[in-house]
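Data block below; observations after.
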Amino acid sequence: MGHTATEKAGSGGLTATEHRLANGLRVVLSEDHLTPVAAVCLWYDVGSRHEVKGRTGLAHLFEHLMFQGSAQVKGNGHFELVQGAGGSLNGTTSFERTNYFETMPAHELELALWLEADRMGSLLTALDEESLENQRDVVKNERRQRYDNVPYGTAFEKLTAMAYPEGHPYHHTPIGSMADLDAASLEDARAFFRTYYAPNNAVLSVVGDIDPEQTLAWVEKYFGSIPSHDGKQPPRSGALPDTLGGQLREVVEEEVPSRALMSAYRLPHDGTREADAADLALTVLGGGESSRLYNRLVRRDRSAVAAGFGLLRLAGAPSLGWLDVKTSGGVEVADIESAVDEELARFAAEGPTPEEMERAQAQLEREWLDRLATVSGRADELCRYAVLFGDPQLALTAVGRVLDITPEEVHAVAQARLRPDNRAVLVYEPTAADESADNDEEADR
């Protein structure tokens with residue numbers, strides 16, 4: 001079954017049609033003949049929020065295993081075939097989904113669909129102890145490179161654990177822990193795949209220079225015979241009070257380039273007007289070099305070398321407002337924090353000026369249009385709105401919803417949420433250089 005591709009108000013002329021196969025796979029198609037390319041995006045409704053204690057990191061591990069080979073594509077063949085055809089590809093994992101995507105020359109679209117279908121339908125044929133160990137080591141090394149062995153690398157993990165209490169489905173990040181990665185067995189991996197990598201737990205979008213009728217025929221040909229699976233349990237509730245109810249704080253002493261202040265504020269769920277208002281508030285306060293915090297801390301006071309404030313949108317739990325300030329010279333974090341609190345209090349008291357509101361809406365509008373302008377970005381947004389909110393058409397009207405937010409709504413969310421008693425705070429203090437080894441070397445010379 002398909003819906004007629006009617007143009008939505010505020011969609012900028014973009015359209016999308018929806019279809020569903022008998023096995024439950026949702027398919028979203030959007031024609032765009034501007035350039036001879038096509039994007040394929042496949043979202044599985046599984047992320048780290050679906051994991052249980054002791055088995056964290058499985059969703060991210062599977063992102064890697066999906067590139068390790070399937071029944072008809074051995075080893076690294078998925079990469080080799082896509083790149084050999086002139087395409088690009090990747091996959092990512094978040095709290096709320098795992099996605100896989102290819103951008104291909106339009107005449108190679110069938111290849112991308114066949115590849116995605118082959119691993120959805122037959123990955124377990126190729127999954128063995130050797131491939132599991134191989135990708136387990138890759139993920140552990142990724143954790144070392146991106147989290148454990150880089151300055152401020154564990155900040156996201158630490159703040160997330162503070163903002164979401166123990167036992168909450170968002171308490172741990174998608175990367176998982178080393179211990180849990182080591183503990184995952186081959187049977188754990190197989191059970192995870194059977195449960196979540198089924199067509200009725202996925203949305204496939206195809207955007208670009210396509211013939212919808214031919215594309216749908218290929219989708220039916222390659223995906224239609226894959227059986228559905230009804231064993232998935234709904235994710236645990238991520239509901240929490242609107243505010244943290246007090247300030248949480250941790251000081252981290254590590255070998256970092258400079259002191260840093262990072263904070264996470266509990267903000268409204270994605271998909272609401274309040275989340276859009278929060279996005280605008282954070283854009284005024286910390287979205288780029290024209291923002292209040294950048295002007296105050298970097299330009300005027302020169303107490304920081306970087307200052308940003310952005311929104312991590314989440315649908316199944318409160319979103320997070322993410323503040324990140326790196327100090328300059330010997331500036332103390334207490335001075336930075338005092339200046340930040342002054343700016344937030346002033347904003348909560350006065351709200352945005354008309355000029356700030358116009359600039360913030362224009363900035364978010366440009367960011368949205370940038371995403372929708374590319375076939376890959378539009379494919380991803382169509383999947384996101386289908387998986388998280390049940391309606392891919394919402395992606396085509398998101399810009400209009402942001403522009404519809406009033407200054408009063410922005411002011412209200414700032415008053416209610418951007419308060420000292422609604423944040424988790426992480427302070428980085430550089431450790432003193434250990435000069436003893438250097439001194440010993442000098443003495444030996």
Side-chain angles (χ1 to χ4, degrees), residues 43-44 46-51 53-68 76 78-79 88-101 131-164 168-184 189 192 250-264 305-314 317 319-327 376 380 384 424-431:
W43 271 47
Y44 291 93
V46 58
S48 58
R49 68 169 172 166
H50 295 86
E51 299 164 349
K53 188 174 182 178
R55 288 297 181 269
T56 65
L58 273 174
H60 180 233
L61 178 60
F62 251 98
E63 176 208 318
H64 288 260
L65 287 170
M66 288 283 276
F67 291 100
Q68 186 68 12
N76 203 40
H78 196 111
F79 276 100
S88 61
L89 71 163
N90 213 330
T92 68
T93 312
S94 77
F95 291 102
E96 300 179 324
R97 60 96 184 103
T98 308
N99 69 342
Y100 303 90
F101 44 92
S131 59
L132 177 62
E133 286 302 319
N134 178 287
Q135 292 307 305
R136 192 200 320 260
D137 288 342
V138 169
V139 172
K140 288 168 67 176
N141 194 48
E142 180 183 342
R143 180 185 170 88
R144 294 185 191 99
Q145 291 180 335
R146 296 177 55 190
Y147 286 76
D148 297 335
N149 297 333
V150 296
Y152 317 107
T154 58
F156 181 62
E157 195 170 43
K158 291 178 184 297
L159 275 176
T160 298
M162 294 166 71
Y164 302 110
H168 190 274
Y170 292 67
H171 178 72
H172 69 279
T173 56
I175 193 69
S177 74
M178 286 288 199
D180 288 355
L181 288 169
D182 283 334
F192 193 89
E250 182 179 343
V251 177
V252 180
E253 295 185 356
E254 284 186 2
E255 189 177 336
V256 292
S258 65
R259 295 187 176 96
L261 171 69
M262 301 185 191
S263 301
V305 295
F309 208 177
L311 182 65
L312 173 62
R313 289 177 175 264
L314 296 170
S319 301
L320 289 183
W322 195 271
L323 174 72
D324 186 351
V325 182
K326 305 295 194 307
T327 68
S376 58
D380 192 55
R384 182 167 84 92
V425 179
L426 201 60
V427 174
Y428 275 88
E429 289 286 348
T431 54

**Study point:** CZ-NE2 distance between F95 and H171, expressed to the nearest 0.5 angstrom
**Key:** 11.0 Å
**Study point:** Least distance between heavy atoms, R136 atom then A184 atom
**Key:** NH1-O, 2.8 Å
Practice item. Give a yes or no on whether R146 atom CZ has more than 12 heavy-atom contacts from other residues, nucleotides or ligands under 6.0 Å away. Key: no
Review point. Ignoring hydrogens and geometry, is there a side-chain-to-backbone donor-acceptor pair from R143 to S177 under 3.5 Å?
Key: no
Review point. Are the side chain of H172 and the backbone N or O of S48 linked by a donor-acceptor pair below 3.5 Å?
Key: yes
**Study point:** Main-chain N/O of E253 paired with T431 side-chain donor or acceptor, under 3.5 Å
**Key:** no
Check your understanding: Stepwise, does the side-chain contact (heavy atoms from CB on, under 4.5 Å) test hold for Y152 with L426?
Key -> CA-CA 10 Å; Y152 317 107; L426 201 60; over 6 Å; no
Check your understanding: So, the side chain of Q68 versus the backbone of S131: is there a donor-acceptor pair under 3.5 Å, distance only?
Key -> no
Check your understanding: Should E51 and R55 count as an ion pair when the cut-off is N to O under 4.0 Å?
Key -> no
Study note, to complete from the structure: Residues E429 and V256: closest non-hydrogen pair is C-CG2, 4.4 Å
Exercise for review: Verify, without hydrogens or angle tests, whether H50 (side chain) and G47 (backbone) share a donor-acceptor contact under 3.5 angstrom.
Suggested key: yes
**Study point:** Step-by-step side-chain contact (heavy atoms from CB on, under 4.5 Å) determination, E157 to T160
**Key:** CA-CA 5 Å; E157 195 170 43; T160 298; 6.0 Å; no
Check your understanding: If you measure from OH on Y428 to CD on E255, what distance do you get to the nearest 0.5 Å?
Key -> 13.5 Å
Practice item. Taking the side chain as every heavy atom from C-beta outward, state whether H64 and E142 have any atom pair closer than 4.5 Å. Key: yes
Exercise for review: Anything under 30° is parallel, anything over 60° is perpendicular, the rest tilted; go ahead and classify Y100 against F67.
Suggested key: tilted
Practice item. Measure up the Y164 and H168 rings against each other and bin them: parallel (under 30°), tilted (30 to 60°), perpendicular (over 60°). Key: parallel
Point to revise | Nearest heavy atoms of G321 and F309, plus distance in Å | key: C-CE2, 3.8 Å
Check your understanding: Where the side chain of T327 meets the backbone of R259, is there a donor-acceptor pair that is under 3.5 Å apart?
Key -> yes
Exercise for review: Kindly give the heavy-atom pair with the smallest separation between I175 and L181, and that separation in Å.
Suggested key: O-CD1, 4.1 Å
**Study point:** Heavy-atom closest contact (T56 atom, G176 atom, distance)
**Key:** OG1-CA, 3.6 Å
Review point. Side chains of M178 and D148: closer than 4.5 Å at any heavy-atom pair?
Key: yes
Exercise for review: Begin with the C-alpha distance, continue with both residues' side-chain angles, and end with the deciding distance and a verdict on side-chain contact (heavy atoms from CB on, under 4.5 Å) for T154 and E254.
Suggested key: CA-CA 11 Å; T154 58; E254 284 186 2; 3.9 Å; yes
Check your understanding: Can you find a heavy atom in the side chain of Q135 that is under 4.5 Å from one in the side chain of F62?
Key -> no
Review point. Which heavy atom of V425 sits nearest a heavy atom of M162, and at what distance?
Key: O-CE, 3.4 Å
**Study point:** Residue pair L320 / Y170, side-chain heavy-atom distance below 4.5 Å
**Key:** no
Check your understanding: When rounded to the nearest 0.5 angstrom, what distance separates CZ in F101 from CG in L89?
Key -> 8.0 Å
Point to revise | Min side-chain heavy-atom separation R97-T92 under 4.5 Å | key: yes
Practice item. Verify side-chain contact (heavy atoms from CB on, under 4.5 Å) between N99 and E63, making sure each step is shown before the conclusion. Key: CA-CA 8 Å; N99 69 342; E63 176 208 318; over 6 Å; no
Study note, to complete from the structure: Distance col, row W43:CH2 vs E96:CD, nearest 0.5 angstrom, shows 8.0 Å
**Study point:** Point-to-point distance, once rounded to the nearest 0.5 Å, from CG of L58 to CG of D180
**Key:** 8.5 Å
